[in-house]
Amino acid sequence: MGSLLILLVILGLVVVVALWAVGIYNGLVTARNAWKNAFAQIDVQLQRRFDLIPNLVETAKAYMGHERQTLEAVIAARSAAQAGLAAAKANPGDAAAMAELAASQGQLNGVLGRLMAVAEAYPDLKANQNMMQLSEELTSTENRVAFARQAYNDAVMAYNNRREMFPSSVVAGMFNFAPAALLEPPVDRAAQVREAPRVQF
């Protein structure tokens, strides 16, 4: 009778430990799916941005015949940024892929900034209704990309915290839950964010 009781207690403990491990595993899967979904939102916004750029270039081309090099740089940077996004989509959360995505987006931001600065020198282009609408849509998309990146980084932080904390770290190690990398702001923006604004009177 005593040995049956001991067996039931051991069986009960095994069931409790198994349920505990399943709960932790399910929590890790939920957290991993959350950051992957957040990355999908970044993908959507970046694709929208990529779709706007050829229209912007075509509109500018009619007015900026002498700025062919700038327009070609925008198209080349767009292609590089699309390649960076494709690499990140193939392996989301991978540190190298996310760094490549951030770098390619930084290059695209730089050439788009140059295009907008050059466009300021063409009053007819600035006044063009299509150009104004595309610029507004591009700015709106940039804001959406920033919000999507923040949501992704928040989800990655929650996932990484969960997989690193004990006792979840034990289950994460057993089932190979790899860490996910943050998507840092593009290099040029990061430098601007860290530099304090200078005020002169």
Stepwise side chain to side chain donor-acceptor pair (under 3.5 Å) test for Q150 and D154: CA-CA 6 Å; Q150 183 61 50; D154 290 345; 2.8 Å; yes

[Y] backbone acceptor or donor facing [X] side chain under 3.5 Å:
| X | Y | result |
| --- | --- | --- |
| S140 | E136 | no |
| R144 | Q45 | no |
| R163 | F177 | yes |
| D43 | K89 | no |
| S168 | E164 | no |

Specify the closest pair of heavy atoms between [X] and [Y], including all atoms of both residues, with the distance to one decimal.
| X | Y | answer |
| --- | --- | --- |
| Y159 | A178 | OH-O, 2.7 Å |
| A119 | L125 | CB-CD2, 3.7 Å |
| A81 | L108 | CB-CD2, 3.9 Å |
| L115 | A60 | CD1-CB, 4.4 Å |
| E100 | G84 | OE2-CA, 3.9 Å |
| R162 | G27 | NH1-O, 2.8 Å |

Residue M157 excluded, over 12 heavy atoms near CE under 6.0 Å: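 No, the 6.0 Å shell around CE holds no more than 12 heavy atoms from other groups.
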
Side-chain touch R78/P54, heavy atoms, less than 4.5 angstrom: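 Heavy-atom side-chain distance check passes, below 4.5 Å.
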
Non-hydrogen side-chain atoms of I24 and V170 separated by less than 4.5 Å: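 No, every pair of side-chain atoms sits at 4.5 Å or beyond.
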
Are [X] and [Y] linked, directly or through other ILVMFWY residues, by side chains that come within less than 4.5 angstrom of each other?
| X | Y | value |
| --- | --- | --- |
| V111 | I75 | yes |
| M132 | L138 | no |
| F50 | V44 | no |
| F166 | F175 | yes |

Verdict with reasoning, R149 to Q105, per side chain to side chain donor-acceptor pair (under 3.5 Å): CA-CA 12 Å; R149 184 177 57 241; Q105 293 302 315; over 6 Å; no

By side chain to side chain donor-acceptor pair (under 3.5 Å) - contacts of K61 (at least two apart):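 Checked K61 against side chain to side chain donor-acceptor pair (under 3.5 Å); matches are E58.
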
Interatomic distance, [X] atom [atom1] to [Y] atom [atom2] [nearest 0.5 angstrom]:
| X | Y | atom1 | atom2 | value |
| --- | --- | --- | --- | --- |
| L134 | N55 | CG | CG | 5.5 Å |
| L101 | N91 | CG | CG | 12.5 Å |
| E142 | N109 | CD | CG | 5.5 Å |
| N37 | T30 | CG | OG1 | 12.0 Å |

Ring geometry between Y152 and W35 (parallel below 30°, tilted from 30 to 60°, perpendicular above 60°):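 Ring orientation of W35 relative to Y152: perpendicular.
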
Any side-chain donor near an acceptor of the partner, Q133 and Q129, under 3.5 Å: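 Note: Q133 and Q129 side chains miss the donor-acceptor criterion.
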
